[in-house]
Chemist: 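Please find one structure pasted underneath; my questions will follow.
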Amino acid sequence: MKMSNYHIKHLEEYYQVYRKSIREPESFWEEVAEEHFIWRKKWDNVLSWDFKKPEVKWFEGAKLNITENCIDRHLATRGDKTAILFEPNNPDEPSEHITYKQLYDRVNQFANVLKAQGVGKGDRVCIYVPMIPELAIAVLACARIGAIHSVVFAGFSATALATRINDSDCKLVVTADGSYRGAKSIDLKGIVDDALEKCPCVKNVLVVKRVNTEISMKAGRDQWLQPLLDEASTNCSPEIMDAEAPLFILYTSGSTGQPKGMVHTTAGYMVYTAYTFKNAFQYRENDVYWCTADIGWITGHSYIVYGPLANGATTVLFEGVPSYPDFGRFWQIVQKHKITQFYTAPTAIRALAKQGVEVVEKYDLSSLKVLGSVGEPINEEAWHWYNDVIGKGKSPIIDSWWQTETGGIMITPIPYVTPTKPTYATLPFIGIQPALMDEQGNELKGNQVEGRLCIKFPWPSIARTIWGNHERYRETYFSAYENNYFTGDGALRDEVGYYRITGRVDDVIIVSGHNLGTAPIEDAINEHPAVAESAIVGFPHDIKGSALYGYVTLKETGESRVHDNLRKEINQLISDKIGPIAKLDKIQFTQGLPKTRSGKIMRRILRKIASKDTSNLGDTSTLLNPEVVQDIIDNAL
Ligand code: WTA
């Protein structure tokens, strides 16, 4: 069954391959690596690991360049196939089809420009570029020459950018004059200039021209990129890298202020992202795949750039936002490019569902075969809307659970293989060994159990360290449960072994001795027809220890509702769905909820407001919508 390992087609085969990947992980991954990638030299050892140190090495001794796998090897058979399909912010601007051959030329030119600026193997390059082709090309150009890319989402503030540049000592920054976001444009270069006041490590800045605004260029440091590219050769032989050489650093926020620079290495990351892409999306040769994430997040790294390109796929890169020029934009793009796989986040699904079905019905979505969700638990109502209104009940939803740290999808249905179940991420992906733990650190065996989600055995794309702080890496992920990677999430396993992610365990609230996850309560509230979105936090309570405080945003229906009646109805729903114990003591109606740039609700802030402690809300500058915070404080109960 060698070849079939790479493409699972039915449930029995999933179980067969899964069992093999658990019993003989080394020979399983060796087979995948051997048959589906090109290597300059094969490995001496498939895997060595020790979760105590912690240390994980896959394919040690192997030599490769990931861009040869993502680009060069496709030239013979797919040279004229579209690799990157760029859809601009403005729907009247033409889309751009970048073929594999053109991608090869452009990556090599960019790589040669980087080299000419003195960037070499192991150097760190910060990429602060909006969702335009140069972002993906810059990433690949770094990989071509063995430089370590650190993409910072081009929506972060100057302070956040400077912290990230300094943490990994980047010597060069790639940016753009500005970026488009719906009807607005943002002065990116100005943000970079501010950040670099505090970044002595940066010697050069390359600037992509996108919005054509007047910007200041610092002599001796800043250069326009295009003239340099025009002069550069389209040949650049790939740097031959060790399997375990760092490929990139990607920052993720921790429970404390300093972001964690997660380090991913080359061979294992490549093998796992490619293999998961193929199977979790059931990717076929002529599909047009679209992930709406930004390349500034792990989802974009693994499932816009590396995973799809390693499979020779066509991957869509969208510059804009779901609401511009109107809320039909996603569906217009699906129709225009006949998208086959569509991968987005629950927060986007909820925002779009709020607009009603009319904006969806204008478009032909019949090309869709697979729908994906990632980033947070998808609530039941959103799941059904996605399934019924977008998928018309015929495109399976893959609710895929994973993390920046895991590099690739860990728990997910395989579409057309695993029967889906609303709000369940269902079964572990091939090679993944989840475990649920109780608070004492004992593994909960069997089904129908709920605990903290750990992973018992290394998979190829696990992050290897935190840049410059291996001790923090050990402490955060490997100290809570001996010999296990701790995810920070809670999960339950149902009667058939399906997993449901219940949310971050730091979101658990203990009310009168009962552990309550926030996600199921929010689910219940969100089922109320007037509710758009909600967030629950705990606040100190004399008798119960903690009580529940709900922040609820209503749909914009235009009709006025009596808030007191709504409060009763919401609590009735919770009471019905979960039990009276989960009823909210306070319900505040808000205009919006504070969100991170990746769409996660910032509960830390809500928790403080609920506890009437607004003296030190921490840095709110990285929020998507900092303006809602004051409004919530002013109307707090
Ligand atoms: C949450 C995103 C429930 C989870 C790839 C995880 C999810 C964190 C899901 C990682 C899902 C992600 N269901 N929760 N399908 N996917 N999460 O690092 O809490 O941005 O730990 O990676 O998002 O977020 P990150």
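Only this structure's heavy atoms are used, side chains among them; waters, hydrogens and symmetry mates stay out. Remember, it's 1-based here, ligands and their atoms both numbered in the order they're listed. Quick caveat: nothing in here was measured; it's all calculated off a predicted structure.
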Chemist: From atom 14 (N) of ligand 1, work out which of Q403, R500, E376, E405 has a heavy atom at the shortest distance.
Modeler: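 When every heavy atom of Q403, R500, E376, E405 is considered, E376 comes closest to atom 14 (N) of ligand 1.
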Chemist: Identify the protein heavy atom lying closest to atom 3 (C) of ligand 1, giving its residue, its atom name and the separation to 0.1 Å.
Modeler: P377 N, 3.1 Å
Chemist: So that I can tick it off, tell me whether E87 and R329 are bridged by a salt bridge, with the cut-off set at under 4.0 angstrom between side-chain N and carboxylate O.
Modeler: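 Looking at E87 together with R329, the answer is yes, because their closest N to O distance falls below 4.0 Å.
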Chemist: Would you mind running through ligand 1 and noting each atom that sits below 4.0 Å from a heavy atom of D399?
Modeler: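 Listed by number with element, the hits are 11 (C), 13 (N), 15 (N).
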Chemist: Give the atom numbers and elements of ligand 1 that come within less than 4.0 Å of a heavy atom of I298.
Modeler: 5 (C), 22 (O)
Chemist: Under 3.5 Å between some N or O of ligand 1 and some N or O of S373?
Modeler: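 By distance alone, the answer is no.
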Chemist: If you measure from each non-hydrogen atom of S400 to ligand 1, which part falls under 4.0 Å: side chain, backbone, both or neither?
Modeler: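 Contact part for S400 vs ligand 1: backbone (N, CA, C, O).
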Chemist: Before accepting this row, confirm whether a basic side-chain N of the pair D294/R597 lies closer than 4.0 Å to the acidic partner's carboxylate O.
Modeler: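 Looking at D294 and R597, the cut-off is not met.
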Chemist: Please report whether ligand 1 has a polar contact with T299, defined as an N or O pair separated by less than 3.5 Å (distance criterion only).
Modeler: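 No: no nitrogen or oxygen of T299 is under 3.5 Å from one in ligand 1.
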Chemist: I'd like to know if R464 and E244 make a salt bridge, using a cut-off of under 4.0 Å between side-chain N and carboxylate O.
Modeler: yes
Chemist: Polar contacts were defined as any N/O atom of the residue lying under 3.5 Å from an N/O atom of the ligand; does this apply to D489 and ligand 1?
Modeler: yes
Chemist: May I ask you to say whether R474 pairs ionically with E55, meaning some side-chain N is under 4.0 Å from a carboxylate O?
Modeler: no
Chemist: Going by an N to O cut-off under 4.0 Å, is there a salt bridge joining E471 and K53?
Modeler: no
Chemist: Flag the pair R452 and E443 as a salt bridge only when some basic side-chain nitrogen lies within less than 4.0 angstrom of an acidic carboxylate oxygen.
Modeler: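 No, this pair does not count.
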Chemist: Quick test of your reading of the structure: of T404, I378, V374, whose heavy atom lies closest to atom 25 (P) of ligand 1?
Modeler: T404
Chemist: Considering non-hydrogen atoms of the protein only, which is the closest contact for atom 2 (C) of ligand 1, and what is the distance?
Modeler: W402 O, 3.9 Å
Chemist: Just distances here: any N/O of G375 and N/O of ligand 1 closer than 3.5 Å?
Modeler: yes
Chemist: For the pair R500 and D523, find out whether any cationic side-chain nitrogen is under 4.0 Å from an anionic carboxylate oxygen.
Modeler: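 Judged by the 4.0 Å cut-off on N to carboxylate O distance, R500 and D523 do form a salt bridge.
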Chemist: Relative to Y424, does K421 satisfy both conditions: NZ or CZ under 6.0 angstrom from the six-membered ring centre, and within 45 degrees of the ring's axis?
Modeler: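 Positive - K421 is close enough to the ring of Y424 and near enough to its axis.
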Chemist: Relative to the heavy atoms of K600, which atoms of ligand 1 are at a distance of less than 4.0 Å?
Modeler: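 The list of qualifying atoms is 20 (O), 23 (O), 24 (O).
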